[in-house]
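These values consider heavy atoms only, across backbone and side chains, with no hydrogens, waters or symmetry-generated copies. In listed order, ligands and their atoms are each counted from 1.
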Amino acid sequence: MQKITVAKGDGIGPEIMDATLKIIIAAGAQIEIEEIEVGEQVYLAGNTAGIARESWDVIRRNKVFLKAPITTPQGGGYKSLNVTTRKFLGLYSNVRPCMSLHPFVKTKHPQMDIVIVRENEEDLYAGIEHQQTDEVVQCLKLISRPGCEKIVRYAFEYARQYKRKKVTCFTKDNIMKQTDGLFHKVFDEIAVEYPEIENEHWIIDIGAAKMADTPEVFDVLVMPNLYGDVLSDVAAQIAGSVGLAGSANIGSECAMFEAIHGSAPRRAGQNLANPSGLLQGAIMMLNHIGQTEVAEKVQNAWLKTIEDGTHTYDIYKEGTSKLKVGTSEFADAVIANLGQKPTVLKPVTYAKTTLKLPEYKRKAPSKKELVGVDVFVHHPTTDPNEVAALLLQLEMENKVILSMITNRGIKVWPDGFEETFCTDHWRCRFKPVQGKQLAKDAIAHLLLNAHKLGIDTIKTENLYEFNGIPAFSLGQGQ
Ligand code: NAD
């Protein structure tokens, strides 16, 4: 018996949760339910997180959380419970299978059967943003080696577990050589540990276009957070079935399972909603807790029900569908099909083992050398020469050389183009005069002198070499 935490959520949440639980219990799921309240009522009671402290204790104790969609009230100050849950509980992996159910559910891609594995904790979603000048704001894109290793390994282990043939990585490392470059590098390192699984890398733009056009050439896809957020919605939509997709959020301790859609408040309380998305989440949960036979039984009965043409309003189509049903009737139809298999759609068989991932092991530290510094300056001019003249005054006293100025990444000094548009945000790169190492205190002196000269420095970034390899981007055009 596995104890699980259940939140029935808002809008259509309670109806689809009741239907889902009824189905999996009828199929023989060995679960003990502990219910908590999250969402709208909790928010409106003044808790901006949408969840009470005691509920966190329940989730952490049970480790497995089945969550119906919630309504986030309009207006400022309410924090997304999904984002908080993922980050608090270290749910680093978001898994979203997107499969078409042709010819029973309308889709342009009858052969589509992909799984998007999205990194869930870092990238631009670290949420570290600052306004730095009148004209420029920034968002830090953080990519870590443990983050990459965990998600890439998860994708390959998932492929192995579910007998998938290929893992494809999407990044934009032709532009972001450090961040996306690390993701791609780790992908290549880990791929060799899985020789039986094909692997490939696509630049995200053309990869996304290919996925939207010919999704059947892909199998498992792994990618950083932002790309995964966007493309997993695209994938669910083009499979023809946003209302049919579930998702799993997996961490090394805890896991959360849900539908991908929201609380559809206008459909609430009318026995109309399709419970399939949450049921798909519940099936992933059953696999996660090792109740694979029950998962298999439910999935096959669900496929059979779709194939029978027993459809809720959202997928009902004259000609293809046979019977329009409500939420609870749909659940009853799936229950009546338990033990049966689909004949047109492919029945599933799940491996009788659960997915186990090794602990992340930190590597020995590299030799790290400080070889320069980028000083970011706020200056209202649009003329790079004016900024250069000001900053060149810092050279002699500090034993550093101003080697380059860029504006939004493009080199504008020396030898910039007059045509280049400049904002008030300047990156000024200093290198040491002698040798290639820079003393840390030289940066402090540089900033102090800049302050004395009235230069508005907004931040610095140290330039390092790791094991002798420069680990920073050049100026564009440098
Ligand atoms: P939504 O997914 O709730 O609804 C979009 C459309 O799809 C609506 O027309 C709706 O009727 C339909 N739909 C969704 N699920 C359905 C189902 N199971 N059966 C039949 N039709 C279904 O998106 P929205 O309207 O943008 O958001 C409504 C609320 O849900 C908002 O408060 C939003 O913040 C919240 N939301 C919650 C989650 C979550 O908890 N995971 C995710 C997304 C949105």
Are the ring centres of F187 and F156 closer than 6.0 Å?
yes
For ligand 1, indicate whether the residue R267 contacts it via side chain, backbone, both or neither (heavy-atom separation under 4.0 Å).
side chain
Hey, is OH on Y78 packed in by over 12 heavy atoms from elsewhere, all under 6.0 Å?
yes
Return yes or no for this condition: an N or O of R266 is under 3.5 Å from an N or O of ligand 1.
no
Taking atom types as modelled and ignoring hydrogens, do the side chains of Y125 and D229 form a donor-acceptor contact shorter than 3.5 angstrom?
yes
Taking heavy atoms and a distance under 4.0 Å, where does D10 meet ligand 1: side chain, backbone, both or neither?
neither
Out of T72, L81, I70, indicate the one that has the non-hydrogen atom closest to atom 40 (O) of ligand 1.
I70
Could you check whether any heavy atom of E40 sits closer than 4.0 Å to an atom of ligand 1, since that is the contact criterion I want to use?
no
Note: G228 and I116 closest approach over all heavy atoms is O-CG2, 4.5 Å
Would you say atom 28 (C) of ligand 1 makes contact with the protein, given that contact here means a non-hydrogen protein atom less than 4.0 Å away?
yes
Sub-3.5 Å N/O-N/O distance, S263 and ligand 1:
yes
Is there a polar contact, in the sense of an N or O pair closer than 3.5 Å, between P265 and ligand 1?
no
Under a plain distance cut-off of 3.5 Å, with no hydrogens placed, do T292 and N287 share a side-chain donor-acceptor pair?
no
Can you check whether a protein heavy atom sits less than 4.0 angstrom from atom 19 (N) of ligand 1?
yes
At what distance, to the nearest 0.5 angstrom, does CE of M99 lie from OG1 of T107?
11.5 Å
Trace of the ring-ring contact (aromatic ring centres under 6.0 Å, His included) decision for F218 with F170:
CA-CA 11 Å; F218 296 114; F170 280 180; 5.6 Å; yes
Got a protein heavy atom sitting under 4.0 Å from atom 24 (P) of ligand 1?
no
Backbone N or O of V64 within a donor-acceptor pair of the N62 side chain at under 3.5 Å?
no
Checking contacts here: is it the side chain or the backbone of D314 that comes within 4.0 Å of ligand 1, counting heavy atoms only? Could be both or neither.
side chain
Short question: side chain of Q138, backbone of H130 - any donor-acceptor pair under 3.5 Å?
no
Would one find an N or O of G243, backbone or side chain, under 3.5 Å from an N or O of ligand 1?
no
Find all atoms of ligand 1 within a distance of less than 4.0 Å from any non-hydrogen atom belonging to E258, and give their numbers and elements.
41 (N)
Just to check, does I12 reach to within less than 4.0 Å of ligand 1 when the distance is taken from its heavy atoms?
yes
For atom 43 (C) of ligand 1, state whether the nearest protein heavy atom is under 4.0 Å away.
yes
